[in-house]
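Report on one structure; see the data block that follows.
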Amino acid sequence: QVRLVESGGGLVQAGGSLRLSCAASGSTASIYVMGWYRQAPGKERELVAHVVKDGATYYADSVKGRFTISRDDAKTTVYLQMNSLKPEDTAVYYCNAVAAERLIVTAKYWGQGTQVTVSS
């Protein structure tokens, strides 16, 4: 089992920066992908970015060039550096982890969410 704890959310002006972190604990060796989702009021939860075990990364078109996902050396903590923030980035951001064995998903985990608010 994996526990995810997010931190780093807050209020920032448009054009500013914020750094989110997600610490994983438990059976972290089983994790194949870690990433960040966000959900704005009245909208579906959407994938923002993720990093695969081999280091490959993905970014949603809306954040490419502005956000960067990274990991610590132990690969148990992921970060989301958010630059040039826009009001439309306002949402609750959730850390996500996917466990897999032989490329078969065995479990999905979610953090509690952290609020990011970007003022115009």
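We use all heavy atoms of the structure for the numbers below, so side chains are in, but hydrogens, waters and symmetry mates are not.
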Linked, directly or transitively: [X] and [Y] (ILVMFWY side chains, under 4.5 Å):
{"X": "L11", "Y": "L85", "value": "no"}
{"X": "V51", "Y": "Y59", "value": "yes"}
{"X": "V52", "Y": "V98", "value": "yes"}

Tell me, with the steps shown, if E46 and R38 meet side-chain contact (heavy atoms from CB on, under 4.5 Å). CA-CA 6 Å; E46 64 175 344; R38 67 186 181 188; 2.8 Å; yes
Does the side chain of [X] reach to within under 4.5 Å of the side chain of [Y], using non-hydrogen atoms?
{"X": "I69", "Y": "Y58", "answer": "no"}
{"X": "L80", "Y": "F67", "answer": "yes"}
{"X": "V78", "Y": "W36", "answer": "yes"}

Between OG1 on residue T68 and CG on residue N83, distance to nearest 0.5 Å: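 T68 OG1 to N83 CG: 6.5 Å, rounded to 0.5 Å.
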Is the CG atom of D54 crowded by more than 12 outside heavy atoms at less than 6.0 Å?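 Above 12, so yes.
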Please confirm whether R45 makes a cation-pi placement over Y94, using NZ or CZ under 6.0 Å from the six-membered ring centre and within 45° of the ring normal.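 Yes, cation above the ring, under 6.0 Å and within 45°.
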For Y79, is the NZ or CZ atom of R71 found under 6.0 angstrom from the centre of its six-membered ring and inside 45 degrees of the ring axis?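 R71 over Y79 ring: no.
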Can you give me every donor-acceptor pair (side chain of residues 113-120, partner residue at least two apart or in another chain, under 3.5 Å) with its distance?
unit_1: T114; atom_1: OG1; unit_2: G9; atom_2: N; d: 3.2
unit_1: Q115; atom_1: NE2; unit_2: A91; atom_2: O; d: 3.4
unit_1: Q115; atom_1: NE2; unit_2: T117; atom_2: OG1; d: 3.3

Which pairs with one or both residues in residues 96-112 pass side-chain hydrogen bond (donor to acceptor under 3.5 Å, both in side chains), sequence neighbours excluded?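 Only E6-Q112 qualify under side-chain hydrogen bond (donor to acceptor under 3.5 Å, both in side chains).
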Counterpart residues, ring pair (Phe, Tyr, Trp, His ring centres under 6.0 Å), relative to Y32 (two or more places apart):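 For Y32 there are no ring pair (Phe, Tyr, Trp, His ring centres under 6.0 Å) partners, ignoring immediate neighbours.
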Got a sec, which pairs hit disulfide bond (SG atoms under 2.5 Å apart) with one end in residues 41-71, sequence neighbours left out?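 Pairs touching residues 41-71 that pass the test: none.
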Criterion side-chain contact (heavy atoms from CB on, under 4.5 Å) on M34 and L4, from CA distance to verdict: CA-CA 10 Å; M34 292 189 70; L4 304 174; 4.0 Å; yes
Might you work through the side-chain contact (heavy atoms from CB on, under 4.5 Å) test for Q81 and S17, ending with a clear yes or no? CA-CA 7 Å; Q81 179 66 47; S17 298; 3.9 Å; yes
Which atom pairs, donor and acceptor, lie under 3.5 Å between side-chain atoms of residues 20-29 and protein residues at least two apart or in another chain?
unit_1: S21; atom_1: OG; unit_2: S7; atom_2: OG; d: 2.7
unit_1: S27; atom_1: OG; unit_2: Q1; atom_2: N; d: 3.1

Sequence neighbours left out, what passes salt bridge (Lys or Arg N to Asp or Glu O under 4.0 Å) with R66? Give chain and number order.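 Partners of R66 under the salt bridge (Lys or Arg N to Asp or Glu O under 4.0 Å) test: D89.
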